[in-house]
**Student:** 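Before anything else, here's the structure in question.
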2 protein chains.
Amino acid sequence: MKQVISIMKALGEENRFRIVMMLRERSLCVCEICSVLEISISTVSTHLKQLSHAGLIEGQKDGRWVMYRLAEDEFVPDLLKIVQRRLTDTKQLERDRKLVLKASPEKCSALLRMELERK
Amino acid sequence: MKQVISIMKALGEENRFRIVMMLRERSLCVCEICSVLEISISTVSTHLKQLSHAGLIEGQKDGRWVMYRLAEDEFVPDLLKIVQRRLTDTKQLERDRKLVLKASPEKCSALLRMELERK
DNA sequence: TCTATATTTTGATATTTGTAGAAATGACGG
DNA sequence: CCGTCATTTCTACAAATATCAAAATATAGA
């Protein structure tokens, strides 16, 4: 029961929900997610940890970046398929999706560097 | 999106999750749920309100009691079916189920009266 | 090995949320 | 109508959680 509850809890927060929906498009590194959600890196990392513990996503080192993707079981896709059917207002998710399509680990690391310099 | 998130949030809390699972057995009044979960009536009422707003359950006056039942759309049963598949540790839920089978609005109101007298 | 970079962890803070008791509401039976 | 009973709402508080900045960790490349 606890396991299922932790899954629901993980999906019951807007930023984490958006992360999971973004990962349906493709796998993403931490800073890519960060650039779409516009929240701090540490917060994104915390959310990813929680999603990972719930078994919804998996992270794997790839060169300089840790790429996160949806868990490859049958449960997660089934759950998201049902959730998809219930979705009404999808504006935010569509916006996120467009940003994901334009993003890449290289680009968003450049962006973060610029932001850092401005400070 | 907000609607789906509120559903997940509603299911992402142990007591609310247990309530929903109990309601799969049959419809229940507030004090029956209260007697199974062993938390205060006002807290149960708050949880029921949240579940109701999320569209997971519906309440209806029936004589002295308000009977709550699962929402009668196709989404909720589908969601719970998938969730059921993922359930591993079901001890708590089985215990709840047994208590539900023994309970009735009449019995639990008598129980509450006794508790009140003891105070 | 040294430096730059991506991520995680830590510590601190503000907000949200679960909880209970008391008061208010609403409904049934005499 | 009036009292009883089931439920909801209000108020207050403790615990959980989302958040960020800074420090720590890890890794790739020079």
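As the structure is a prediction and not an experimental result, all values here were calculated from the model. Here is the naming used below: chain letters follow the sequence lines, and residue numbers restart at 1 for every chain.
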**Student:** Which listed nucleotide (D/dT19, D/dT7, D/dC5) is nearest to the side chain of A/I39?
**Tutor:** D/dT19
**Student:** Does OP1 or OP2 of C/dT8 have a side-chain N or O of A/Y68 closer than 4.0 Å?
**Tutor:** yes
**Student:** Can you tell which of C/dA6, C/dT8, D/dT9 lies closest to the side chain of A/W65?
**Tutor:** C/dA6
**Student:** At less than 4.0 Å, is any side-chain N or O atom of B/H47 found next to OP1 or OP2 of C/dT19? Yes or no.
**Tutor:** yes
**Student:** Please determine, for the side chain of B/S45, which listed nucleotide (D/dT8, D/dT19, C/dA6) has the closest atom?
**Tutor:** D/dT8
**Student:** Is any side-chain N or O of A/Q50 closer than 4.0 Å to OP1 or OP2 of D/dA18?
**Tutor:** yes
**Student:** Between C/dT8, D/dT7, C/dA20, which nucleotide gets closest to the side-chain atoms of A/V30?
**Tutor:** C/dT8
**Student:** On the nucleotide D/dT4, are OP1 or OP2 found under 4.0 Å from the side-chain N or O atoms that B/R64 carries?
**Tutor:** no
**Student:** If we check side chain to side chain contact (heavy atoms under 4.5 Å, CB included) with B/Y68, which of these qualifies: B/L28, B/V30, B/L51?
**Tutor:** B/V30
**Student:** B/V66 has a side chain; which of D/dT8, D/dA18, C/dT9 sits nearest to it?
**Tutor:** D/dT8
**Student:** From C/dT19, C/dT9, D/dA28, pick the nucleotide closest to the side chain of B/N15?
**Tutor:** C/dT19
**Student:** In this structure, are over 12 heavy atoms from other groups packed under 6.0 Å from A/R97 atom CZ?
**Tutor:** no
**Student:** Categorize B/E14 for me: base, sugar-phosphate, or nothing, with a 4.0 angstrom heavy-atom threshold over every strand shown.
**Tutor:** nothing
**Student:** Which nucleotide sits closest to the side chain of A/S40: C/dT19, D/dC20, C/dA6?
**Tutor:** D/dC20
**Student:** Determine: side-chain N/O of B/K9 to OP1/OP2 of C/dT17, distance under 4.0 Å, yes or no.
**Tutor:** yes
**Student:** So if I take every side-chain heavy atom of A/C31 and compare against D/dT9, D/dC5, C/dT7, which nucleotide ends up nearest?
**Tutor:** C/dT7
**Student:** Expressed in angstrom and rounded to an integer, what is the separation of B/L51 atom CG from D/dT7 atom P?
**Tutor:** 16 Å
**Student:** Per the side chain to side chain contact (heavy atoms under 4.5 Å, CB included) rule, which among A/E13, A/R95, A/Q92 passes with A/R18?
**Tutor:** A/Q92
**Student:** Which nucleotide in the list C/dG18, C/dT8, D/dT9 gets nearest to the side chain of A/I41?
**Tutor:** C/dT8
**Student:** Could you state the CD-P distance from A/E13 to C/dT15, rounded to the nearest angstrom?
**Tutor:** 16 Å
**Student:** A/K2 and B/E14: salt bridge (charged side-chain N to carboxylate O under 4.0 Å, His left out), yes or no, with the steps?
**Tutor:** CA-CA 8 Å; A/K2 308 270 187 193; B/E14 178 164 337; 3.1 Å; yes
**Student:** OP1 or OP2 of C/dC28 sitting under 4.0 Å from any side-chain N/O of B/K61?
**Tutor:** no
**Student:** Could you tell me whether A/E32 contacts a base, only the sugar-phosphate backbone, or nothing, with contacts defined as non-hydrogen atoms closer than 4.0 Å?
**Tutor:** nothing
**Student:** Regarding A/S45 and A/S42, do their side chains bring together a donor and an acceptor under 3.5 Å, going by distance alone?
**Tutor:** no
**Student:** Looking at D/dT27, D/dA28, C/dA22, which one has an atom nearest to any side-chain atom of B/S42?
**Tutor:** C/dA22
